[in-house]
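Note on naming: letters A, B, ... go to the chains in the order of the sequence lines (proteins, then strands), and numbering restarts at 1 for each one.
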Amino acid sequence: MVQTLGFNQILILLEAFRWTLALAAIAFVCGAVGGLGIALIRTSVFGVLRRAAATFIIVFQGTPLLMQLFVIYYGLPLLNVTVNAWIAVAIGLTLHASAYLGEIWRSTIMAMPKGQEEAAKALGLKYWDRTVYIVLPQALRMALPSTVGFLVQLIKGTSLAAIIGFTELTRAGQIVSNATYQPLIVFSLVGALYFALCWPLSHFSFNLEKRFANAR
Amino acid sequence: MNSITKLSKDSLTEPMIIMESVDKYYGAFHALKNVNLMVKQGEKLVICGPSGSGKSTLIRCINYLEDFASGKIVVDGIALTKGASIDAIRCEVGMVFQQFNLFPHMTVLQNCMLAPMKVRKMTSGQAEKVARSYLERVRISDQMHKYPAQLSGGQQQRVAIARALCMDPKVMLFDEPTSALDPEMVKEVLDTMISLANDGRTMICVTHEMGFARAVADRVIFMANGEIIEEAPPETFFTAPKNERTRTFLGQILGH
Ligand SMILES: Nc1ncnc2c1ncn2[C@@H]1O[C@H](COP(=O)(O)OP(=O)(O)OP(=O)(O)O)[C@@H](O)[C@H]1O
Ligand SMILES: [Mg+2]
């Protein structure tokens, strides 16, 4: 039976949009924690850890996100860990975000003028105080435009979850479109929802970048 | 600890800094060659020498911003080895850099309060009191809620001096504190440093400001190629340098 595209169908899309938001938020927050760890390890004095983190980044930046989601979704059960699509996607996107954010933040930490750390050392500040009060506030601020830019990529990346069957916005769009035979209208709506979220963020990121460039 | 070590530490004859046969390499480059230096408590030492002679390297070894290959450095009775002694020494040694190196994301006051709070474990009330008094001392307390970028170079350098003083260090190291400044700002910074010299704090200053050296230095040392070539009280140093290289150098900087 063909449904007509009405209020109920739009409600389904909005409902699913909440999952897109939740997925992006979780991946971004957990990825930020992971990325911070990666960035600090990458800039630390521990050679072995540094190389391990570098390998992690190379693997996650060098393979498609969809492959990563497949490997986690189909791979974890082989280790006798049962995961539903939601958990698998959340883990996959978190690891993906950790690698990218870790690399973005590493580069701004390394770009800090050496004198900042030296002045902090000369004052007797220890590693954690230097990191928390001197390095990160400056490095993360410098990284803000590219961090927001990555968040936009991440939001769009959540649509790949549809392929392993998790009902976020894109998957809901497929379902509604199959039921109504109105793919063009349905996917336009889906696209509009992504756009409404991503465009302001992109714009914000662009403005930040311009502001930082002027400040320099 | 016990009163005997305390006494001997505080007595005026005890050297504040001892460097013994210190060698330092950057890769294969021999940057400090068998440097021996003793600085008495309260002594004002000026280091000069041509570019690349190792002046910065020498003073940066004292608070372990640079490590060294061999030899011994003792500051205020603490032998400089890897680990806890580095932290202990950095608490007692303040440093002022050529490029100021203020923290740009913090106000002047916050710049001065951070280390006293985190390292000396002062409350923010205590740290603010200390910071205000030293900012007053370098005559910049009216700017303390500004950010470094809003200040002139001379003002920034005076803040950097106040920031180091807030830790109440026993030694102050200055690495060419006026050479990044516009000429009209040099005097305000030098005046600040001259007034500090009366405090009895040990000071080591890398500078080519010969007026400053004459005014405050107890001793001037001249470096070339990673070695201490000559040392003398300022009058002797400027009027009767013994070494040929010192004479050439002085001729260059005083000649015009
Ligand atoms: N990080 C480093 N790596 C390699 N070589 C270095 C490094 N820092 C300094 N050097 C070299 O060591 C020598 C001494 O440098 P240093 O900065 O101590 O000289 P300086 O006397 O302070 O000179 P200037 O008056 O130019 O400041 C120079 O030849 C310099 O090129
Ligand atoms: Mg130098």
Side-chain angles (χ1 to χ4, degrees), chain A residues 32 36 39-40 43-50 101 104-148 204-205 207-216, chain B residues 56 59-60 62-67 82-106 110-121 127 147-150 156-157 159-169 171-175 180:
Chain A
L36 199 55
L40 291 180
T43 51
S44 74
V45 294
F46 309 112
V48 179
L49 287 178
R50 249 186 356 236
L101 291 175
I104 290 172
W105 295 341
R106 178 200 62 83
S107 69
T108 50
I109 290 174
M110 308 252 280
M112 285 252 301
K114 258 186 89 198
Q116 288 290 305
E117 177 139 52
E118 286 178 356
K121 280 182 179 174
L123 284 166
L125 292 163
K126 303 215 179 89
Y127 175 79
W128 281 111
D129 285 329
R130 294 200 301 268
T131 303
V132 171
Y133 298 103
I134 308 302
V135 176
L136 290 182
Q138 297 185 61
L140 295 183
R141 183 176 185 275
M142 235 194 309
L144 206 53
S146 32
T147 303
V148 176
F204 175 61
S205 158
N207 279 347
L208 282 175
E209 208 160 332
K210 219 166 51 181
R211 183 136 55 91
F212 287 4
N214 289 343
R216 215 164 291 143
Chain B
S56 299
I59 68 166
R60 288 159 59 87
I62 295 172
N63 61 354
Y64 211 72
L65 287 185
E66 300 289 350
D67 59 0
K82 274 205 170 69
S85 72
I86 296 175
D87 295 325
I89 284 177
R90 284 177 181 167
C91 288
E92 302 307 335
V93 178
M95 189 168 210
V96 175
F97 301 85
Q98 185 174 354
Q99 301 296 341
F100 329 135
N101 295 346
L102 294 177
F103 306 132
H105 59 301
M106 294 181 180
Q110 289 166 340
N111 262 277
C112 293
M113 287 169 60
L114 182 67
M117 287 169 66
K118 299 299 162 194
V119 182
R120 296 273 192 231
K121 308 292 178 203
Y147 285 88
Q150 296 168 293
Q156 289 191 51
Q157 194 60 298
V159 171
I161 292 172
R163 178 177 71 176
L165 289 174
C166 285
M167 286 292 289
D168 195 19
V171 180
M172 282 286 278
L173 307 175
F174 296 84
D175 192 356

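- At least one donor-acceptor pair under 3.5 Å links the side chain of B/Asn101 to the backbone N or O of A/Gly115.
- With a 4.5 Å cut-off on non-hydrogen atoms, B/Phe97 touches chain A through its side chain but not through its backbone.
- Each of B/Ile86, B/Val119, B/Val93 has some count of heavy-atom pairs under 4.5 Å with chain A, and the biggest count is that of B/Val119.
- The shortest side-chain heavy-atom distance between B/Arg90 and A/Lys121 falls under the 4.5 Å cut-off.
- Contact detail for A/Leu125 and B/Ala115: the closest heavy-atom pair is CD2-CA, 4.1 Å.
- Interface check for chain A: of the options B/Val96, B/Asn63, B/Leu102, B/Ile89, the most heavy-atom pairs under 4.5 Å are formed by B/Leu102.
- Although no hydrogens or angles enter the test, the distance criterion places a donor-acceptor pair under 3.5 Å between the side chain of B/His105 and the main chain of A/Tyr133.
- With a 4.5 Å cut-off on side-chain heavy atoms, B/Met95 and A/Glu118 do not count as touching.
- When all heavy atoms of B/Phe103 and A/Gln116 are compared, the closest pair comes out as CD2-OE1, 3.2 Å.
- No part of B/Leu173 comes within reach of chain A, as not one of its non-hydrogen atoms sits under 4.5 angstrom from that chain.
- Atom OH of B/Tyr64 has more than 12 neighbouring heavy atoms from other residues, nucleotides or ligands inside a 6.0 Å radius.
- Of the two parts of B/Arg163, the backbone and the side chain both hold a non-hydrogen atom closer than 4.5 Å to a non-hydrogen atom of chain A.
- Heavy atoms only, all atoms of each residue included: A/Asp129 and B/Lys118 are closest at OD2-CB, 3.6 Å.
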